[in-house]
Amino acid sequence: MMEATVESTIEQSADSLVSRPATGERAPVAEGETVGSPFVDSPKMAMRNVDVFYNDKQAIFDVSMDIGSNEVVSMIGPSGCGKSTFLRALNRMNDTIEGARVEGSLRLEGQDIYDPKLDVVPLRARVGMVFQKPNPFPKSIYDNVAYGPRIHGLVDRRADLDDVVEDSLQRAGLWNEVKDRLNQPGTGLSGGQQQRLCIARTIAVSPEVILMDEPCSALDPIATAKIEELIAELSENFTIAIVTHSMQQAARVSSRTAYFHLGKLIEVNDTERVFTNPEHELTEAYITGRFG
Amino acid sequence: MNKSAEKTIDLVNRNLAKRYRAEKRFRFYGLLSISFGLLCLLFLFTDIIGKGHSAFLQTYVALDIHFDEEVLGIDNIDDPAQLMVANYDGVIRKALRDQFSEVSSRRDKRALYALISNGAGFDLQREFSLNPRELLGQTRTFWLVADDDVDTYLKSYRGSGEAFTGRLSEQQRGWVQTWVAEERIEKRFNRIFFTSGDSREPELAGIRGAIMGSLFTLAVTLVLSFPIGVAAAIYLEEYAPKNKWTDLIEVNINNLAAVPSIIFGLLGLAIFINFFEMPRSIPLVGGIVLTLMTLPTVIISSRAAIKSVPPSIREAALGIGASKMQMILHHVLPLAMPGMLTGAIIGMAQALGETAPLLMIGMVAFIVDIPGAVNDPATVLPVQIFLWSDSPERAFVERTSAAIMVLLAFLIIMNTLAVWLRKRLERRW
């Protein structure tokens with residue numbers, strides 16, 4: 001039954017996909033399928049039967065889930081479970097890896113993002129990404145933030161660009177710390193500041209979705225707290241998918257949580273549900289610390 | 001487990017001394033290698049500088065020149081053609097005869113004239129045509145270039161000891177000694193060496209022609225090999241699919257880097273000169289041949305530099321929607337530039353010192369004129385060194401060493417530039 005739904009979803013046009021009835025209340029899934037409520041009404045991104053291969057090795061098995069508008073979805077799971085791979089499939093960052101192949105249907109507002117005719121450049125402008133290690137460009141703070149708007153030609157005048165830079169840094173909570181040294185290199189900031197600079201750089205192009213791949217794993221607890229605060233604020237305007245190793249972080253920042261295990265999506269549920277009353281025994285085993 | 005902890009620590013301590021000895025030996029070997037290298041370098045430099053330093057000085061003789069209208073053969077001072085062809089050698093000879101009035105036989109006169117360089121007349125002409133009206137009929141003292149035999153004799157003359165006489169007869173040495181006694185002879189900075197082209201007369205031979213030839217050749221090489229090498233490296237690193245064709249290309253590039261340079265010369269001869277019928281001996285062809293030779297070096301170092309750009313920077317650029325070209329132009333190239341420039345400069349230094357391929361395309365010819373363009377016949381510094389080292393005149397020995405010093409100076413400058421550029425452009429991330 002589930003499979004029938006999925007197939008018809010793939011064949012549906014963009015419009016009918018948006019108006020698709022909620023699938024969360026459908027009959028319980030079969031053994032080995034994702035439990036919980038992976039699908040939402042009018043999703044921002046809809047992934048169906050996604051397989052990811054690195055050459056012959058399959059890293060992601062048949063993952064289907066939705067990411068709703070303006071929600072924070074966290075992806076948790078033990079190391080090597082494929083959560084980062086899945087995240088990188090969402091804005092085709094896997095294209096840069098030799099031998100990586102993605103199958104299945106991944107749609108951003110109904111548009112197939114693996115359509116060979118689709119240009120990845122506008123896609124990545126719509127689906128931005130923040131990486132594990134802060135990776136500011138070896139340029140000034142200003143140029144780091146201004147780079148995206150510049151290459152996409154979002155602003156014409158220097159003054160507008162200044163506004164975009166200031167606004168982005170404000171929203172990333174970095175403005176007060178760097179406003180007097182915008183011309184200094186971004187690489188001279190502390191780790192947490194660098195990561196917020198990377199977030200500012202990402203939101204400067206006003207993406208619709210922000211993908212975060214363990215954005216706090218290289219940061220100390222105070223910097224982490226700041227980023228988490230920031231994620232909560234950003235979720236008002238952006239859809240955020242965050243991969244994290246820290247279950248506490250997932251619990252703090254996200255509204256829904258997806259648990260990955262050995263390349264399979266085991267459970268997707270409201271975050272509270274996942275951490276208090278998980279449906280699947282593997283999820284329970286993980287969050288209670290029996291492995292991971 | 002039964003063996004006590006004390007025993008373990010004893011074992012460790014016993015081995016410790018041995019370990020330290022081994023480490024000391026290891027360090028000593030390194031030190032030995034470096035000392036050997038430095039010793040060789042020191043030997044090379046002492047030898048070359050010891051032989052070559054004297055070439056930077058040239059012997060000049062002061063003669064009282066009387067600009068006699070009759071001897072010069074000038075009847076109209078306003079005629080530049082007459083000034084050009086006037087008999088300046090004649091006034092020099094007359095000055096010599098005047099000073100040594102006892103010389104009368106033809107043979108002796110010839111021996112006397114041989115003490116002054118053939119080129120002295122040209123110097124005199126230059127001086128005279130600056131101010132002909134004032135000088136005509138006057139007597140002035142001029143410092144004129146001495147012949148190379150006089151130069152060599154005086155440079156090897158050390159007070160009482162034996163001097164290298166060369167072709168100078170006893171009579172000629174006597175005249176030279178007279179000048180020395182009258183303080184009419186002096187060693188001055190050898191400007192000719194830096195301002196003129198090649199010559200059969202050592203005292204008139206300079207390396208300007210070879211330097212210009214080298215510069216033109218290197219300019220052609222740089223203009224061709226850097227863009228082509230960088231573009232090839234970018235394609236191979238960033239765009240080329242990894243398959244057996246690119247593997248084959250990679251193996252071939254690495255092989256080309258090890259091909260003896262004379263092969264490239266043969267290739268240049270066959271293709272550019274025989275097939276395309278380009279002229280021989282020109283820096284353009286030399287530059288193209290050296291481009292072929294340095295390309296592998298430039299490509300390999302550029303690829304290494306591109307590879308060393310951290311993937312996080314690429315991901316950051318792609319992650320906010322930069323196209324591949326923007327990623328390369330805005331991020332990869334600026335970060336890889338120091339490495340690529342270093343590779344290019346090292347390739348250039350290699351090209352600057354290359355002789356064999358240029359012999360094949362005729363840049364070994366005897367060329368007196370200083371080249372002014374890439375299609376003027378020219379020779380290059382290492383070939384000039386090769387030519388001079390083959391010349392029989394004793395005075396060319398010191399000039400050979402001096403030319404080597406100039407070549408080494410250029411190489412040191414280029415390598416310093418490479419280091420400086422690297423330091424200057426390097427950015428941390």
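First the proteins, then the strands, lettered A, B, ... as listed; each starts at 1. The figures that follow rest on heavy atoms only: side chains count, while hydrogens, waters and symmetry mates do not.
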**Student:** Answer with side chain, backbone, both or neither: which region of A:R92 has an atom nearer than 4.5 Å to a non-hydrogen atom of chain B?
**Tutor:**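 When you check distances to chain B, no heavy atom of A:R92 falls under 4.5 Å.
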
**Student:** Heavy-atom distances under 4.5 Å only: say whether A:V127 touches chain B with side chain, backbone, both or neither.
**Tutor:**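 Backbone only.
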
**Student:** Which residue pairs satisfy the ring pair (Phe, Tyr, Trp, His ring centres under 6.0 Å) criterion with at least one member in residues 145-165 of chain A, sequence neighbours excluded?
**Tutor:**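 Every ring pair (Phe, Tyr, Trp, His ring centres under 6.0 Å) pair that includes a residue of residues 145-165 of chain A, provided the two are not neighbours, is A:F137-A:Y147, A:Y147-B:H330, A:Y147-B:H331.
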
**Student:** With rounding to the nearest 0.5 angstrom, report the CG to CD distance, A:N135 to B:E315.
**Tutor:**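 The CD atom of B:E315 is 7.5 Å from CG of A:N135, to the nearest 0.5 Å.
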
**Student:** Would you compute the distance between atom CG of A:N91 and atom CD1 of B:I320 and round it to the nearest 0.5 angstrom?
**Tutor:**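 Interatomic distance, A:N91 CG to B:I320 CD1, rounded to 0.5 Å: 12.0 Å.
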
**Student:** Looking only at heavy atoms, which two atoms of A:I151 and B:Q326 are closest? And how far apart?
**Tutor:**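 Heavy atoms only, the tightest pair is CB-NE2, 3.6 Å.
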
**Student:** Return yes when atom CG of B:N243 has more than 12 non-hydrogen atoms of other residues, nucleotides or ligands closer than 6.0 Å, and no otherwise.
**Tutor:**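 For B:N243, atom CG is crowded (more than 12 foreign heavy atoms under 6.0 Å).
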
**Student:** Is there side-chain contact between B:I313 and A:P138, with at least one heavy-atom pair below 4.5 Å?
**Tutor:**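 Side chain of B:I313 against side chain of A:P138, heavy atoms only: contact under 4.5 Å found.
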
**Student:** Under a 4.5 Å heavy-atom cutoff, which of B:P311, B:A322, B:A316, B:P241 has the most pairs with chain A?
**Tutor:**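 It is B:A316.
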
